[in-house]
Amino acid sequence: MLKKSVFLFLILLILISNLIYALPSEINSIDAVATFNNIGIEVEFNDDVSIELDVFYKIADSNDDYKQGHYLSQIADDKFAGSIFMLESNTKYSIRIQSLGLDPYIFDVTTREDLFVEGSGDVFHVSPILGNDDNDGLSEADSFATLEKALSLINQGDKILLYDGRYLEGDLEIMQSGTQTEPIVIKNAPGENPVLDGTDPEFETNWELYSPGIYRTQTSRQPQKAFLDGGQLYHYANLNDLISNKWGQPGGYHPDGSYIYIMFPNGGTPEGHTFTIPRYTNGFTINQKSHIHIKGLEFAYY
């Protein structure tokens, strides 16, 4: 009987030892980065762990219950990362990190304020309808015709006001940075609805029937995107897949460097449809620049 008791005690001791060994090590660091409506979280442990790490949050100093967010994803043996979404701007949140066998870690993070200052520099006006790039751009009456012209002149603290019209421009690069108090601002003029449009206006179609349900128009262009009546068409990787409608799409296209082949929706014809391709890949490129505000501007067909 004594031997049996000793044996059971040893088994229990081994189980307790394994349980203690399985508990997670201490957290080494927690990094939290707040944007306007989200908080990104990265948690690093002192040692490798195998656990699920939960996140809870509430508005700090409130009587609200904590809400559970999506558990953090393990991105390394000793590191977890994830985000909390759909938060209020300029609001302090209490965040709780916890897991089985780990004492909860509670800390506060404040989301960013979504009110932005505008700089004290020059104001450039741009109108594709009434403007001229030979103007000085410093008033609506003397506006530039292109956004590209205005971008070539901006410095920190400057603002560009865009008026109604379609700006057939693209692959524009912003070369200057602003500062927190003197940002570069690109925005619609009050009440105006500018559209930055990547469409190639020189592309013309001359349709011919290629095979049942497939039409083609001659061009050397091989666009990665194409648009029918303003909606994006499915890009088929090869002509045979388009002809057989391998992927069951309502419409699609394939360019081969000599023609663009089109399958119109429901086996239709080109009549009554507008087919366009982009001339530019991107609207803007912003590389290693900061404090640039872009608002009230629609992007289309890049």
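- Ile129 forms part of a hydrophobic cluster together with Leu130, judged by ILVMFWY side-chain heavy-atom separations under 4.5 Å.
- Residue Ile106 belongs to a hydrophobic cluster whose other members are Phe56, Tyr66, with links defined by side-chain heavy atoms closer than 4.5 Å.
- Applying the side-chain hydrogen bond (donor to acceptor under 3.5 Å, both in side chains) test to pairs two or more places apart or on separate chains, those with a residue in residues 175-189 are Glu118-Lys187, Ser120-Glu182.
- Under the salt bridge (Lys or Arg N to Asp or Glu O under 4.0 Å) criterion, no residue pair touches residues 224-253, with sequence neighbours excluded.
- Applying the ring pair (Phe, Tyr, Trp, His ring centres under 6.0 Å) test to Tyr71 and every residue at least two apart in sequence or in another chain returns nothing.
- Listed by first then second residue, pairs satisfying salt bridge (Lys or Arg N to Asp or Glu O under 4.0 Å) with a partner in residues 286-302 number zero, not counting sequence neighbours.
- Other members of the hydrophobic cluster containing Leu239, listed by chain and number, are Tyr210, Ile214, Tyr234, Tyr236, Leu242, Ile243, Trp247, Tyr259, Tyr261, Met263; membership follows side-chain contacts under 4.5 Å among ILVMFWY residues, whether direct or relayed.
- Considering only residues two or more places apart in sequence or on other chains, Ser89 meets the side chain to side chain contact (heavy atoms under 4.5 Å, CB included) condition with Asn37, Asp114.
- Aromatic ring centres of His125 and Phe144: separated by at least 6.0 Å.
- Applying the salt bridge (Lys or Arg N to Asp or Glu O under 4.0 Å) test to every pair with at least one member in residues 54-69, sequence neighbours left out, gives these pairs: Asp61-Lys92.
- Phe299 and Phe284 have their aromatic ring centers within a separation under 6.0 angstrom.
- Between Ile97 and Val55, some side-chain heavy-atom pair lies under the 4.5 Å cut-off.
- Environment of CG in Asn266: sparse, with no more than 12 heavy atoms of neighbouring residues, nucleotides or ligands closer than 6.0 Å.
- Membership of the apolar cluster around Phe227 extends to Tyr301, as traced through chained side-chain contacts below 4.5 Å between ILVMFWY residues.
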When the side chains of residues 165-174 are checked against the rest of the protein, which donor-acceptor pairs come out under 3.5 Å, sequence neighbours left out?
| unit_1 | atom_1 | unit_2 | atom_2 | d |
| --- | --- | --- | --- | --- |
| Arg166 | NE | Asp197 | OD2 | 2.8 |
| Arg166 | NH2 | Asp197 | OD2 | 3.1 |
| Tyr167 | OH | Val126 | O | 2.9 |
| Tyr167 | OH | Tyr163 | N | 3.0 |
| Tyr167 | OH | Tyr163 | O | 2.8 |
| Glu169 | OE1 | Leu147 | N | 3.3 |
| Glu169 | OE1 | Glu148 | N | 2.9 |
| Glu169 | OE2 | Leu147 | N | 2.8 |
| Asp171 | OD1 | Thr281 | N | 3.3 |
| Asp171 | OD1 | Asn282 | N | 2.9 |

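- Residue pairs meeting the salt bridge (Lys or Arg N to Asp or Glu O under 4.0 Å) criterion with at least one partner in residues 204-215, sequence neighbours excluded, are Glu208-Arg216.
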